[in-house]
> 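Before we start, here is the structure in question, set down as structure tokens.
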Amino acid sequence: MSSLTLHEAEPAAGTARRPAHRRGTALVPTVTLLLGALYCLLPVAWVVIASTKSGSELFSTFTFWPGTGFTENVSDLGTYRDGVYWQWMGNSALYAGLGALLSACVSAVSGYALAIHRFRGRETLFNVLLAGVLMPPVILAVPQYLLLAKADLTDSYLSVLLPQILSPYGVYLARIYAAAAVPADVVEAGRMDGAGEWRIFTRVALPMMVPGLVTVFLFQFVAIWNNFLLPYIMLSDDEKFPITLGLYTLLEQGANTPALYTLVITGAFLAVFPLVALFLVIQRFWSLDLLSGAVKS
């Protein structure tokens with residue numbers, strides 16, 4: 001009896017040890033993710049806390065100790081040069097909003113054509129598009145400036161807006177999504193019913209592509225909002241600057257006027273809010289679209 005009891009107890013002890021080992025193994029990626037999150041969020045936390053400090057508190061208090069000058073910083077930022085900061089924010093909203101919208105439209109048409117229609121040179125064109133995805137935007141900035149200078153469009157809103165309309169990655173993503181979301185049978189049924197290609201695209205394919213196009217819009221909006229090099233090359237009038245270039249000029253002036261450092265930090269903190277708000281709105285849209293798709297199916 002004692003040996004039987006011993007043999008029955010051994011598997012129980014083994015099974016008790018295995019979950020502990022698995023928990024220890026699963027702890028490694030969890031700790032790694034927490035360290036990565038800390039690495040990414042630490043600068044954000046510094047900006048949030050530093051924006052609450054006055055000019056005297058910024059260099060004299062502990063780094064992560066909140067200050068008492070946030071409302072004063074926002075007020076000073078709003079009145080600096082008759083509110084030029086809010087003009088920079090409006091310029092960024094114009095560049096990013098209109099540029100992302102036009103880019104999503106161009107990506108929708110191009111991606112649908114590459115996914116649905118069969119024509120000579122389609123694969124070659126798609127391979128060239130992939131090469132454009134892999135090419136850093138920095139390489140294209142100077143050629144774009146030279147082309148727009150020939151057209152006498154530099155130092156204008158169009159000089160920043162036009163290069164952002166065509167996004168190789170947006171076209172690539174729209175093509176992949178259209179190939180997966182738009183059934184060929186549905187397109188053929190529309191043609192058999194006598195609908196034209198444009199009507200099939202706008203009435204049939206476009207509603208199916210909306211979630212992918214929302215993703216294209218979000219990516220392009222964030223890319224344009226954070227873009228610095230292209231406006232830096234194209235623009236010389238500071239009233240047309242986006243928020244990135246405007247804050248850079250403030251930072252340069254801060255070398256001679258340290259009081260402007262608090263305005264730069266507060267401005268950087270406020271500039272994050274439009275991106276957060278946009279992401280929250282689009283995340284809600286994604287959830288609603290998934291639920292509606294489940295109901296329709």
> Of the non-hydrogen atoms in I200 and Y112, which two are nearest, and what is the gap between them?
CG2-OH, 3.7 Å
> Out of curiosity, R199 CZ to D193 CG, how far, rounded to the nearest 0.5 Å?
10.5 Å
> Output, in order, the C-alpha distance, side-chain angles, deciding distance and verdict of side chain to side chain contact (heavy atoms under 4.5 Å, CB included) for V272 and W225.
CA-CA 10 Å; V272 177; W225 185 274; over 6 Å; no
> Just verifying a value: how many Å separate L41 CG and W46 CH2, rounded to the nearest 0.5 Å?
15.5 Å
> Heavy atoms only: give me the nearest L270-M89 pair and the separation to one decimal.
O-CE, 4.0 Å
> Taking the side chain from D238 and the backbone from G246, do they hold a donor-acceptor pair closer than 3.5 Å?
no
> List the atom of I265, the atom of V47, and the distance in Å for their closest heavy-atom pair.
CG2-O, 3.8 Å
> Write down the atom of V44, the atom of C40, and the distance for their closest heavy-atom approach.
CG2-O, 3.8 Å
> Residues sharing I139's hydrophobic cluster, by side-chain heavy-atom contacts under 4.5 Å among ILVMFWY, directly or via others?
M135, L140
> What distance do F217 atom CZ and L278 atom CG have between them, rounded to the nearest 0.5 Å?
6.0 Å
> Anything under 30° is parallel, anything over 60° is perpendicular, the rest tilted; go ahead and classify Y248 against Y232.
perpendicular
> Below 4.5 Å, heavy atoms only, C-beta onward: do L275 and F221 meet side chain to side chain?
yes
> Checking D237 side chain against E239 main chain: does a donor-acceptor pair fall under 3.5 Å?
yes
> With a 4.5 Å limit on heavy-atom distance, are the side chains of L114 and F119 in contact?
yes
> Applying a strict under-4.5 Å side-chain criterion to I, L, V, M, F, W and Y, I'd like to know whether L147 and I233 cluster together.
no
> Treating T244 as the side-chain partner and N227 as the backbone partner, does any N or O pair qualify as donor plus acceptor under 3.5 Å?
yes
> R118 side chain to I116 main-chain N or O, any donor-acceptor pair under 3.5 Å?
yes
> Between S92 (side chain only) and I243 (backbone N and O only), is there a donor and an acceptor less than 3.5 Å apart?
yes
> Just so I know, are the side chains of L218 and V214 near enough to count as touching, which here means a heavy-atom distance under 4.5 Å?
no
> To the nearest 0.5 Å, what is the distance between CG (L173) and CD (Q220)?
11.5 Å
> Would you say the side-chain atoms of S51 pair up with the backbone N or O of T266, donor to acceptor, closer than 3.5 Å?
no
> What residues form a ring pair (Phe, Tyr, Trp, His ring centres under 6.0 Å) with Y95, not counting sequence neighbours?
Y157
> So, does T52 use its side chain to make a donor-acceptor pair with the main chain of G67 at under 3.5 Å?
yes
> Is the shortest side-chain heavy-atom distance between F279 and I282 below 4.5 Å?
no
> How far apart are the closest heavy atoms of M209 and A108, and which atoms are they?
CE-O, 3.8 Å
> Is there a side-chain contact between L247 and Y85 (heavy atoms, below 4.5 Å)?
yes
> Please say whether more than 12 non-hydrogen atoms of neighbouring residues, nucleotides or ligands are located less than 6.0 Å from CG in N127.
yes
> Applying side chain to side chain contact (heavy atoms under 4.5 Å, CB included) to R191 and E197, what does each step give before you reach the verdict?
CA-CA 8 Å; R191 291 169 179 167; E197 294 297 331; 2.9 Å; yes
> Do side-chain atoms of S156 reach the backbone of L153 as a donor and acceptor pair under 3.5 angstrom?
yes
> Can you measure from CD (Q144) to CD (Q164) and round to the nearest 0.5 angstrom?
7.5 Å
> Quick one: are V204 and V187 in side-chain contact, heavy atoms under 4.5 Å?
no
> Roughly how far, to the nearest 0.5 Å, is CD of Q87 from NZ of K240?
10.5 Å
> Is any side-chain heavy atom of L148 closer than 4.5 Å to a side-chain heavy atom of P163?
yes
> Taking atom OH of Y39 as the centre, does the number of heavy atoms from other residues, nucleotides or ligands within less than 6.0 Å exceed 12?
no
> Under 30°, 30 to 60°, or over 60°: which ring-plane class applies to F269 and F273, parallel, tilted or perpendicular?
perpendicular
> Test your reading of the model: is there a side-chain donor-acceptor pair from Y172 to the backbone of V133, 3.5 Å cut-off?
no
> Tell me the side-chain hydrogen bond (donor to acceptor under 3.5 Å, both in side chains) pairs involving residues 65-78, sequence neighbours left out?
E57-T68
> Would you name the heavy atoms of S159 and L235 that are closest together and state the gap between them?
OG-CD2, 3.8 Å
> Should we say atom CZ of R203 is surrounded by more than 12 heavy atoms from elsewhere, each under 6.0 Å from it?
no
> Between S107, S167, C105, which is the residue that forms a side chain to side chain contact (heavy atoms under 4.5 Å, CB included) with V216?
S107
> Within a strict 4.5 Å, meaning less than it, do heavy atoms of the F241 and V84 side chains meet?
no
> K53 and T61: side-chain donor and acceptor closer than 3.5 Å?
yes
